[in-house]
Each structure stands twice: as C-alpha cells, then as structure tokens.
Amino acid sequence: RQALEEMRALYERNQADVAEAKSGRTDLIFLIRFRHCCLLRNQRCVLAYLYDRLLRIRALRWEYGSVLPNTIQFHMSAEEVEWFNRYKKSLATYMRSVGGEEGLDLTQDVKPPKSLYIEVRCLRDYGEFEIDDGTTVLLKKNSQHFLPRWKCEQLIRQGVLEHILS
C-alpha cells in the first residue's frame with residue numbers, strides 16, 4: 001500500500017511537472033525522467049512481491065490440500081482466495097484427466113514413502129474413515145492406528161492425524 005501511495009504521489013508530481021515542461025521549462029525534464037524511473041522500479045517491486053505471494057499460495061495447495069486452514073485464509077485477500085480456488089479447480093481437472101478412470105492424485109506422495117503403512121495418532125475426533133479394502137476405522141482423539149500411508153497423508157496435512165515416528 002505504501003508503494004502504491006508513493007507511486008501515486010510520484011505520478012501526480014510528474015503530471016504537474018510535465019505540464020510546466022510543455023510550457024517551456026526544460027530544466028524539469030531530468031526530474032521527470034528520474035521520477036519515471038522510480039515509478040518503474042516500484043512497479044517491478046510490487047509485481048515481484050505479488051508473484052512471490054502467488055507462488056506461496058500455490059505451494060499451500062500442495063502442502064495443505066484443497067481446504068486451507070482458517071488461520072492461513074484469514075491473511076489472504078479476496079483476490080488471492082479466488083486465485084487459490086481457480087488453481088485448485090485447474091489442478092483437480094488435470095488430475096482427473098490423467099491416470100485412467102479414477103484419476104491420479106499428484107499430491108499424495110510428495111516425498112517417496114519408506115513404507116506403505118504408517119502408524120498414526122488421531123489428534124481430534126474425526127469419525128469413521130474407510131480404507132480401500134472396505135474396512136472402516138473409527139478415528140477418535142488419541143487413538144492409534146496402522147494405516148496405508150497414501151490414505152492418511154491428506155488427514156495428516158489437515159491436522160486430523162499425526163504420524164508417529166518410532
């Protein structure tokens with residue numbers, strides 16, 4: 001905001017000086033050029049800042065999944081939330097188009113797993129959780145389970161489960 005206010009002030013001063021320079025004051029041309037260079041620099045800085053935020057928001061989709069925690073979403077502007085939702089939909093469309101009938105979830109194994117099953121502890125009551133073989137597990141607070149890694153990763157990112165390292 002400060003950079004935008006500074007840019008607005010520089011632009012208004014330049015506009016006033018350009019009007020004077022047109023009337024014959026050629027000594028203002030260097031000052032006008034200098035302010036214009038400052039405007040371009042500030043523009044590059046603001047664009048770099050916004051691009052960095054978009055990269056971070058994109059990384060949040062891979063880290064937390066399709067639902068962001070409220071603490072993170074609170075610090076995002078409405079436009080950033082909209083961008084996140086469009087990116088989420090675009091990624092979901094791509095993942096459905098690859099990998100056959102069910103699609104391919106690219107967010108599952110971000111790091112290669114050391115084992116297919118992991119021991120997890122439930123951090124809060126979640127309810128019933130169904131595994132691919134049809135088995136249902138009741139996820140209650142402080143209960144421990146030995147579950148397939150790829151089924152748990154999303155819940156671990158959401159803070160429902162905690163991976164127990166032995």
(Q) Quick check: closest heavy atoms across Ala3 and Val46, and the distance to 0.1 Å? (A) CB-CG2, 3.8 Å
(Q) Does Gln158 form a side chain to side chain contact (heavy atoms under 4.5 Å, CB included) with Tyr64? I'd like the steps, not just the answer. (A) CA-CA 6 Å; Gln158 291 175 2; Tyr64 289 100; over 6 Å; no
Q) Which residues pass the side-chain hydrogen bond (donor to acceptor under 3.5 Å, both in side chains) test with Asp27, sequence neighbours left out? A) Arg25
Q) Asn142 and Leu123: side chain to side chain contact (heavy atoms under 4.5 Å, CB included), yes or no, with the steps? A) CA-CA 6 Å; Asn142 294 326; Leu123 299 175; 6.0 Å; no
Q.
Restricting to non-hydrogen atoms, name the atom on Leu147 and the atom on Cys152 that form the minimum distance, rounded to 0.1 Å.
A. CB-SG, 3.3 Å
Q: Considering non-hydrogen atoms only, spot the tightest contact between Leu60 and Ile72 and give its length.
A: CD1-CG2, 3.6 Å
Q: Determine whether Val120 and Phe129 fall in the same hydrophobic cluster, where Ile, Leu, Val, Met, Phe, Trp and Tyr are linked whenever their side-chain heavy atoms lie under 4.5 Å apart.
A: yes
(Q) So, taking the atom named NE2 in His145 and the one named CG in Leu138, what distance separates them when rounded to the nearest 0.5 Å? (A) 7.0 Å
Q: Treat each ILVMFWY residue as a node, draw an edge where side-chain heavy atoms are under 4.5 Å apart, and state whether Trp150 and Ile156 are in one component.
A: no
Q.
As a quick check of understanding, evaluate side chain to side chain contact (heavy atoms under 4.5 Å, CB included) for Lys88 and Ser66, giving each step before the final call.
A. CA-CA 6 Å; Lys88 175 178 68 173; Ser66 59; 3.3 Å; yes
Q | N/O donor-acceptor pair under 3.5 Å between Ser143 side chain and Leu139 backbone | A | no
Q: Specify the closest pair of heavy atoms between Cys38 and Leu10, including all atoms of both residues, with the distance to one decimal.
A: CB-CD1, 3.8 Å
(Q) If hydrophobic clusters are built by linking Ile, Leu, Val, Met, Phe, Trp and Tyr wherever their side-chain heavy atoms come under 4.5 Å apart, do Met7 and Leu40 end up in the same one? (A) no
(Q) With a 6.0 Å cut-off (strictly less than), is the heavy-atom count around CD of Gln2, excluding the residue itself, greater than 12? (A) no
Q) Where does the angle between the aromatic ring planes of Tyr87 and Trp83 fall among parallel (under 30°), tilted (30 to 60°) and perpendicular (over 60°)? A) parallel
Q: Sorted by first residue and then second, give each salt bridge (charged side-chain N to carboxylate O under 4.0 Å, His left out) pair with at least one member in residues 42-61; sequence neighbours left out.
A: Asp52-Arg56, Arg53-Glu80
Q | same_hphob_cluster(Tyr94, Trp62) at 4.5 Å side-chain heavy-atom cutoff | A | yes
Q) Does any pair with a residue in residues 121-135 pass salt bridge (charged side-chain N to carboxylate O under 4.0 Å, His left out), and if so which ones, sequence neighbours excluded? A) Arg121-Glu162, Asp132-Lys151
**Q.** Euclidean distance, Arg1 CZ relative to Glu5 CD, rounded to 0.5 Å
**A.** 9.0 Å
(Q) Going by the rule side-chain hydrogen bond (donor to acceptor under 3.5 Å, both in side chains), which residues pair with Glu63 if we only count those two or more places apart in sequence or in a different chain? (A) none
Q: Check ring-ring contact (aromatic ring centres under 6.0 Å, His included) between Phe146 and all other residues, then give those that pass, not counting sequence neighbours.
A: Tyr117
Q.
Listing request: all side-chain hydrogen bond (donor to acceptor under 3.5 Å, both in side chains) pairs with a residue in residues 30-43, at least two apart in sequence or in separate chains.
A. Glu6-Asn42, Asn14-Arg35, Asp17-Arg35
(Q) Before you tell me yes or no, could you show the steps for Met76 and Leu68 under side chain to side chain contact (heavy atoms under 4.5 Å, CB included), namely the whole-Å CA-CA distance, both residues' side-chain angles and the distance that decides it to 0.1 Å? (A) CA-CA 11 Å; Met76 294 169 58; Leu68 289 177; 3.7 Å; yes
**Q.** Distance in Å, Ile32 CD1 paired with Glu20 CD, rounded so as to fall on 0.5 Å steps
**A.** 8.5 Å
**Q.** Shared hydrophobic cluster for Leu91 and Leu54 (ILVMFWY, side-chain gaps under 4.5 Å)
**A.** yes
